[in-house]
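Numbering of ligands and ligand atoms starts at 1, following listing order.
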Amino acid sequence: MEDCIFCKIINGDFGTEFVYENDDAVVFKDINPKADTHLLVVPRIHVESLNELNDEALLGRLMMTVKEAANKAGLKSYRTVINTGKEAGQEVFHMHIHILSGDIRL
Ligand code: AMP
Ligand code: ZN
C-alpha cells in the first residue's frame, strides 16, 4: 500500500535487512528498540491491524513465524506484543508482532 512504511520496507525501498523471512512475513529489527533484542514480524500483505486480519490460517502461520524468527535469533525467552488501535499504542497501521527479549523497557 502506498504511504505505508512497512509496505515500503517489505518492498525493499530502504534496504532494510531482514533477520528472517518466509512466504508470509518479513522480520526486521525495530528502529527504536525497547529491549536488548526487539524484532518486528510483519505480514507481506497490508492489513491495518489485528482487527482486520481475518485469515485464521495466516494468523497461525504468523505465530509460527514468531517462533522461527526467535529460534533463528537464538532467543529462548521472549515477549510478544501486538498493539491494536491508536489508544493501545499502535503507531504503524500495518499489523505486526513485536518480539522483545533481554532487558525489556516497555
Ligand atoms: P506499534 O507502536 O506497535 O505500531 O509499533 C511500531 C514500531 O515500528 C515502533 O516500535 C517503531 O519503533 C517501529 N518502526 C517505525 N518505523 C520503523 C522503521 N523504519 N524500521 C524499523 N522499525 C520501525
Ligand atoms: Zn502496509
Least distance between heavy atoms, [X] atom then [Y] atom:
X     : Y     : result
Glu52 : Glu48 : OE1-CB, 3.4 Å
Met1  : Cys7  : N-SG, 3.1 Å
Phe18 : Ile9  : CZ-O, 3.4 Å
Asn32 : His38 : O-ND1, 4.2 Å
Val41 : Val66 : CG2-CG2, 4.1 Å

Should Glu91 be counted as touching ligand 1, given the test is an N or O pair under 3.5 Å?
yes
Taking the Zn ion (ligand 2) as the vertex, what is the angle from SG of Cys7 to SG of Cys4, given to 10 degrees?
120°
Nearest 0.5 Å please: distance from the OG1 atom of Thr65 over to the NZ atom of Lys72.
12.5 Å
To the nearest 0.5 angstrom, please state how far the CD1 atom of Ile82 sits from the CG atom of Leu53.
8.5 Å
Compute the minimum heavy-atom distance from [X] to ligand 1 and say whether it is under 4.0 Å.
X     : value
Phe6  : yes
Phe28 : yes
Ile9  : yes

Just to confirm my output: which protein heavy-atom neighbour is closest to [atom], and how far is it?
atom                    : result
atom 10 (O) of ligand 1 : Asp30 OD2, 2.5 Å
atom 22 (N) of ligand 1 : Ile31 N, 3.1 Å
atom 2 (O) of ligand 1  : Gly89 O, 2.8 Å

Asp13 atom CG, over 12 foreign heavy atoms within 6.0 Å
yes
Which of the numbered atoms in ligand 1 are under 4.0 angstrom from any heavy atom belonging to [X]?
X     : result
Lys29 : 21 (C)
Asn83 : 1 (P), 2 (O), 3 (O)
Asn32 : 12 (O)

Pick one of side chain, backbone, both or neither for how Leu40 approaches ligand 1, counting any non-hydrogen atom pair under 4.0 Å.
side chain
For ligand 1, indicate whether the residue His96 contacts it via side chain, backbone, both or neither (heavy-atom separation under 4.0 Å).
side chain
In terms of ring plane angle, is the pair Phe28 and Phe6 parallel, tilted or perpendicular, where the classes change at 30° and 60°?
perpendicular
Verify, without hydrogens or angle tests, whether His96 (side chain) and His94 (backbone) share a donor-acceptor contact under 3.5 angstrom.
yes
For N/O/S atoms only: which one belongs to His46 and is nearest the Zn ion (ligand 2)?
ND1
Looking at His94, the N/O/S atom that lies nearest to the Zn ion (ligand 2) is called ND1
